[in-house]
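Notes follow once the structure below has been shown.
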Amino acid sequence: MVQKRDYYEILNVNRDADDNDIKKAYRKLAIKYHPDKNPDDKEAEEKFKEATEAYDVLKTPEKRQRYDQYGHAGLEGATSSGYGYGIDFDQIIKEVFGDVFGGSRRTRHQRPHQGRNLQAKIEISLEDAYNGREVTLEIPRIESCPECSGSGAEAGTTVDTCPQCNGRGQVTQSQGFFMMTRTCPRCRGEGQLILNPCRKCNGQGRIRVEREIKMSVDKGVDNGFEYRMRGEGETGTLGGPPGDLLVGVFVRPHDQFKRDGNDLITTTKISFVQAALGCSIEINGIDGRHELSIPAGTQFGDLLRIPGKGMPRYRSSSFGDLIVQVGIETPRNLNEEERNLLEQFSGLRGESTKSGHGSFWDKLFNPNDHEE
């Protein structure tokens with residue numbers, strides 16, 4: 001009977017080591033002694049089996065409790081006199097390392113996969129966002145090869161099942177008394193062999209093309225809006241569905257209008273007489289000229305609204321408003337008659353036209369500063 005060493009000694013950990021310490025210690029030994037890294041080295045193989053058995057016991061609370069209380073005798077029936085009896089080495093390796101040493105992973109090409117999503121951006125004017133328009137995109141993407149219909153095989157030939165793995169994409173090899181599963185080296189995990197690859201796609205089944213795609217930009221779209229065009233991305237593999245095309249919208253700043261949601265903001269200037277007496281003027285909107293009523297007593301900076309003359313709401317029949325911010329122009333280079341009339345007006349208002357506090361101009365443009 002083989003005299004077994006203490007499991008804690010094998011892993012070089014304290015008896016109060018936690019699960020993380022035990023796993024780290026085992027990883028270090030498994031990397032050092034794994035048969036893949038030490039081919040035909042029986043001593044390394046034994047040390048690997050020994051470390052794996054120790055890890056299997058100490059990572060399992062019930063086994064560890066029996067071992068701590070009764071030693072190796074407490075595990076009789078769970079193990080034999082030889083290392084590794086009843087232990088799933090392949091499962092432990094996958095648990096600790098994933099697929100570093102092969103494992104049972106199948107490659108992504110062995111089942112259908114959706115094609116990759118693509119992204120694009122378009123730049124439009126504010127007028128385009130108001131009226132809507134059709135745009136044409138030049139999109140480079142991967143598509144199924146038209147010559148082989150995506151099979152990768154030359155027309156008139158077939159794709160053959162790999163004889164080494166019988167189409168599984170994996171082969172199983174014996175390492176001592178346990179089995180290791182690896183990706184098939186002949187078909188590289190595909191499970192199939194293309195003996196006569198398509199000349200157009202070199203056996204890949206897909207090619208890169210540049211495709212023209214037309215799309216409609218809706219009325220009312222705003223900066224940052226994103227369209228999802230279903231099925232206009234790259235072709236899937238092995239019959240998988242195509243991806244989507246995501247198109248982001250950038251609306252260029254306008255030199256006359258500022259957008260605030262569905263409202264448009266613009267500015268206009270009027271004379272102080274128009275502001276004082278009120279009037280009606282025409283304003284440029286994004287869709288043409290509109291009449292704007294200026295109330296008597298309008299002040300500099302007032303916001304006047306023309307309902308329904310802003311941007312269309314997205315996929316709606318309603319519109320935002322056109323908001324006009326008023327500026328007031330002060331006349332320059334008055335002639336003598338104009339000056340006399342303004343001084344008469346100032347006198348009627350009891351206002352001084354001399355410079356300084358209380359002048360006519362101060363009161364005209366800053367009336368709130370002189371209220372008692």
Side-chain angles (χ1 to χ4, degrees), residues 1-111 113-114 116 164-165 168-191:
M1 174 182 276
V2 177
Q3 183 66 38
K4 291 190 176 183
R5 294 169 58 202
D6 179 74
Y7 289 146
Y8 293 99
E9 178 186 341
I10 293 170
L11 297 183
N12 193 27
V13 295
N14 297 326
R15 302 193 78 81
D16 60 353
D18 60 20
D19 291 344
N20 191 48
D21 292 334
I22 291 170
K23 190 171 186 177
K24 284 183 178 179
Y26 174 66
R27 281 178 61 92
K28 184 177 179 180
L29 292 173
I31 291 173
K32 182 177 181 180
Y33 295 119
H34 194 281
D36 282 0
K37 293 185 175 292
N38 302 275
D40 302 321
D41 187 336
K42 293 297 182 182
E43 182 179 354
E45 182 178 332
E46 288 300 312
K47 287 184 180 294
F48 173 74
K49 297 172 185 176
E50 182 183 54
T52 304
E53 182 177 326
Y55 171 74
D56 180 65
V57 171
L58 297 185
K59 79 179 180 68
T60 309
E62 297 81 6
K63 291 182 182 180
R64 184 174 180 178
Q65 183 180 5
R66 291 200 302 271
Y67 178 73
D68 288 344
Q69 188 170 1
Y70 302 110
H72 291 291
L75 300 174
E76 290 181 0
T79 61
S80 73
S81 58
Y83 291 123
Y85 180 77
I87 297 173
D88 188 342
F89 281 82
D90 194 33
Q91 181 59 38
I92 288 176
I93 289 298
K94 286 198 294 181
E95 174 188 318
V96 176
F97 294 97
D99 294 304
V100 170
F101 295 109
S104 59
R105 176 174 62 91
R106 295 177 68 87
T107 63
R108 67 182 181 92
H109 295 296
Q110 290 178 280
R111 63 181 185 274
H113 270 263
Q114 183 174 14
R116 188 167 62 95
Q164 186 165 344
C165 66
R168 294 194 313 118
Q170 302 167 324
V171 292
T172 302
Q173 296 176 332
S174 174
Q175 289 284 351
F177 67 97
F178 63 96
M179 308 299 287
M180 298 294 291
T181 302
R182 295 178 173 81
T183 300
C184 177
R186 185 168 183 182
C187 66
R188 298 181 181 179
E190 298 289 344

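For clarity, every value in this text was computed on a predicted model and none was experimentally measured.
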With distance as the sole test, does Asn14 use its side chain to make a donor-acceptor pair with the main-chain N or O of Asp16 at under 3.5 Å?
no
Could you tell me if the side chain of Lys32 sits less than 4.5 Å from the side chain of Lys28, heavy atoms only?
no
Here the gap from Lys47 atom NZ to Asn38 atom CG, rounded to the nearest 0.5 Å, amounts to 11.0 Å
To the nearest 0.5 Å, what is the distance between CG (Leu58) and CZ (Arg15)?
8.5 Å
With sequence neighbours left out, write down each residue that passes ring-ring contact (aromatic ring centres under 6.0 Å, His included) with Tyr67, or none if nothing qualifies.
Tyr7, His72
I'd like to know if Glu46 pairs up with Lys42 as an ion pair, taking the criterion as any Lys NZ or Arg NE/NH1/NH2 lying under 4.0 Å from an Asp or Glu carboxylate oxygen.
no
Which pair of heavy atoms, one from Gln164 and one from Val171, lies closest together, and at what distance?
O-CG1, 3.9 Å
Quick one: are Tyr8 and Asp68 in side-chain contact, heavy atoms under 4.5 Å?
yes
Under the salt bridge (Lys or Arg N to Asp or Glu O under 4.0 Å) rule, collect the residues that match up with Glu9, sequence neighbours excluded.
Arg5
From CG (Asp19) to OH (Tyr55), nearest 0.5 Å:
8.0 Å
Distance, nearest 0.5 Å, that separates CG of Asp56 from NZ of Lys49:
15.0 Å
Ignoring hydrogens, what is the shortest heavy-atom contact between Thr183 and Gly189? Give both atom names and the distance.
CG2-N, 3.4 Å
Is the count of non-hydrogen atoms from other residues, nucleotides or ligands lying under 6.0 Å from Gln65 atom CD greater than 12?
no
Work out which heavy atom in Leu11 is nearest to a heavy atom in Ile22; give both atom names and the distance.
CD1-CG2, 3.9 Å
Residues passing the salt bridge (Lys or Arg N to Asp or Glu O under 4.0 Å) test with Lys59, sequence neighbours excluded, are Glu95
Counting heavy atoms not belonging to Asn12, are there more than 12 under 6.0 Å from its CG?
no
Qualifying residues under side chain to side chain contact (heavy atoms under 4.5 Å, CB included), relative to Gln69, sequence neighbours excluded
none
Residue set satisfying side chain to side chain contact (heavy atoms under 4.5 Å, CB included) with Asn20, at least two apart, ordered chain then number -> Asp18, Lys24
Pairing residues for Asp41 by the salt bridge (Lys or Arg N to Asp or Glu O under 4.0 Å) criterion, not counting sequence neighbours
none
Determine the minimum heavy-atom distance between Ala25 and Val13, stating which atoms define it.
CB-CG1, 3.6 Å
I need the minimum non-hydrogen distance between Gly191 and Cys165, along with the two atoms involved.
CA-SG, 4.1 Å
